[in-house]
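See structure below.
The shown structure was predicted, so the numbers you read here are calculated from the model rather than taken from an experiment. For the numbers below, each heavy atom of this structure counts, side chains included, while hydrogens, waters and symmetry mates do not.
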Amino acid sequence: MMYSSRRKPVLYFKDDRSFLSRKCTVWKLFGLCMLFVLGSLLWVQMTCSGDMSQPVGYGHLPHQPCPVERQSSPAEDPSWGPHKMALIVPFRERFEELLIFVPYMHAFLNKKKIRHKIFIVNQLDHFRFNRASLINVGFMESGNDTDYIAMHDVDLLPQNEDLDYGFPNEGPFHVASPELHPLYHYKTYVGGILLLTKKHYQLCNGMSNRFWGWGREDDEFFRRLKTADLKLFRPSGITTGTKTFRHIHDPGWRKRDQKRIAAQKQEQFKVDPEGGLTNLRYKVESRQEVTISGAPCTVINTFLECDVSLTPWCQSS
């Protein structure tokens, strides 16, 4: 139909077109909203990765696992099993590693349906770092709602989902076994990640409190396992070798305290038959329930005590 320049078709079709225009606008807005939602979901999928096998360089954060989908409560879901782990992390000032570790492990254990509580035992005193004593503190403070522990280094992340973090009923289970650990490969090594029932840990009287500074406390604990007649178990069927774990500690940036002071050089290879849970001396300054990237953990701020007449090497100099 042709109109002269004097005709106004908009006014001529006023009733019908105003309705159609209004209806079209609603559908356009709906379509734009749906496009935005789909685009957002696609962006989350691309930027949030649950792939735990990709390597990461020092100083770079690995991809964080995607937020865990809401699942039925472990208490309501029998597939989670009856046991609950106290994941004990001895800690001092390694916050960059902690920010990676807590959400990563929470997602990893949830995916494997391992009921757990993460305890960060933070050493506040002026003495040298004592990993064994902090693990003892974590054991003592872990509560009655957990029935086994994981002694877990903050800089070691499991990459293989076939690794077993379940209840170690038959005996201590060394997750970070020598053939899988990226750094330590000697046969008697039991450090990194070790699972024990609370009963078995008590049979060993915990760990020795004599080891201030870095190293040797896990070697002494290996002897305790043998003294307690506990058989040590390790993973089988894991084919990822030394890529089974990601080690996120940068020794160039944060050096370990490997000093050996006075009699410590001789004492470090001795067995401590009496020390452990029975002579542990500490004070809890505070307990804080915190979340890191949505992952809950309990921070136990702790002051250790040292008898300098027995272990003078607890002091820096």
Side-chain angles (χ1 to χ4, degrees), residues 74 80-92 98 101-102 104-106 108-110 112-123 130-158 163-177 181 189-209 211 217-235 245 275-280 282 284 287 289 295-300 302 304:
W80 285 68
H83 302 291
K84 189 173 185 180
M85 171 204 295
L87 195 155
I88 300 172
V89 182
F91 180 80
R92 175 184 265 178
L98 188 67
F101 178 87
V102 171
Y104 187 96
M105 288 305 304
H106 182 63
F108 183 88
L109 294 172
N110 274 353
K112 294 178 67 64
K113 293 190 174 183
I114 301 293
R115 300 173 63 215
H116 64 279
K117 289 178 68 175
I118 300 176
F119 294 92
I120 310 300
V121 190
N122 182 29
Q123 185 175 341
N130 192 322
R131 176 178 179 269
S133 289
L134 294 176
I135 293 173
N136 285 341
V137 172
F139 175 85
M140 298 293 288
E141 299 293 326
S142 59
N144 296 325
D145 61 335
T146 58
D147 54 0
Y148 72 110
I149 69 169
M151 302 152 56
H152 211 301
D153 287 351
V154 71
D155 58 9
L156 202 60
L157 304 179
L163 288 169
D164 188 3
Y165 274 76
F167 185 72
N169 184 55
E170 296 182 0
F173 187 77
H174 188 210
V175 180
S177 58
H181 196 283
Y189 176 69
V190 292
I193 309 167
L194 182 65
L195 312 182
L196 300 96
T197 67
K198 286 193 167 182
K199 180 180 179 180
H200 290 161
Y201 195 74
Q202 287 177 319
L203 284 176
C204 296
N205 192 24
M207 303 186 76
S208 172
N209 300 302
F211 293 88
E217 76 286 335
D218 47 359
D219 295 331
E220 199 271 349
F221 190 69
F222 177 81
R223 300 174 186 175
R224 290 178 178 239
L225 296 175
K226 293 184 67 175
T227 301
D229 292 326
L230 292 174
K231 184 179 179 181
L232 182 67
F233 293 86
R234 285 179 166 136
F245 300 94
L277 295 174
T278 51
N279 71 343
L280 175 66
Y282 71 99
V284 172
R287 292 174 66 104
E289 304 296 331
C297 65
T298 302
V299 179
I300 305 175
T302 305
L304 299 178

Do the side chains of [Y] and [X] get nearer than 4.5 Å, heavy atoms only?
| X | Y | value |
| --- | --- | --- |
| Pro296 | Glu289 | no |
| Phe119 | Glu141 | no |
| Asp218 | Leu194 | no |
| Leu304 | Leu134 | yes |
| Asp147 | Lys199 | no |
| Leu156 | His181 | yes |
| Ile114 | Phe167 | no |
| Pro168 | Tyr148 | yes |

If we ignore hydrogens and angles and just use 3.5 Å, is the side chain of [X] paired with the main-chain N or O of [Y] as donor and acceptor?
| X | Y | value |
| --- | --- | --- |
| Asn136 | Met207 | yes |
| Asn209 | Gly276 | yes |
| His83 | Arg115 | no |
| Asp164 | Gly166 | yes |
| Asn205 | Thr278 | yes |
| Arg224 | Gly206 | yes |

Steps toward side-chain contact (heavy atoms from CB on, under 4.5 Å) verdict (His116, Tyr165): CA-CA 10 Å; His116 64 279; Tyr165 274 76; over 6 Å; no
Could you report the tightest heavy-atom contact between [X] and [Y], atom names first, then the distance?
| X | Y | result |
| --- | --- | --- |
| Ser177 | Arg234 | CB-CD, 3.5 Å |
| Arg131 | Gly192 | NH2-N, 3.9 Å |
| Tyr104 | Pro158 | OH-O, 2.8 Å |

Phe101-His152 aromatic ring centre distance below 6.0 Å: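 Aromatic pair counts; centres sit under 6.0 Å.
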Spacing of [atom1] belonging to [X] relative to [atom2] belonging to [Y], to within rounding of 0.5 Å:
| X | Y | atom1 | atom2 | answer |
| --- | --- | --- | --- | --- |
| Glu220 | Cys204 | CD | SG | 10.0 Å |
| Ile118 | Ile120 | CD1 | CD1 | 6.5 Å |
| Ile135 | Asn130 | CD1 | CG | 9.5 Å |
| Thr298 | Leu87 | OG1 | CG | 11.5 Å |
| Ser208 | Asp219 | OG | CG | 12.0 Å |
| Met105 | Asn110 | CE | CG | 10.5 Å |

Stepwise side-chain contact (heavy atoms from CB on, under 4.5 Å) check, Phe245 with Leu163: CA-CA 10 Å; Phe245 300 94; Leu163 288 169; 3.7 Å; yes
Among Leu277, Asn122, Leu280, Ile88, side chain to side chain contact (heavy atoms under 4.5 Å, CB included) partner for Val137: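 With Val137 as partner, side chain to side chain contact (heavy atoms under 4.5 Å, CB included) holds for just one option, Leu280.
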Plane angle bin for Tyr201 and Phe221 - parallel if under 30°, tilted between 30 and 60°, otherwise perpendicular: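 Judged by the thresholds at 30° and 60°, the geometry between Phe221 and Tyr201 is tilted.
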His200/Thr197 under side-chain hydrogen bond (donor to acceptor under 3.5 Å, both in side chains): CA gap, chis, key distance, verdict: CA-CA 5 Å; His200 290 161; Thr197 67; 3.2 Å; yes
Donor + acceptor pair across side chains of Thr146, Lys198 (<3.5 Å):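 Distance-only check passes for Thr146 and Lys198.
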side-chain contact (heavy atoms from CB on, under 4.5 Å) between Thr302 and Gln123, intermediate numbers included: CA-CA 5 Å; Thr302 305; Gln123 185 175 341; 5.9 Å; no
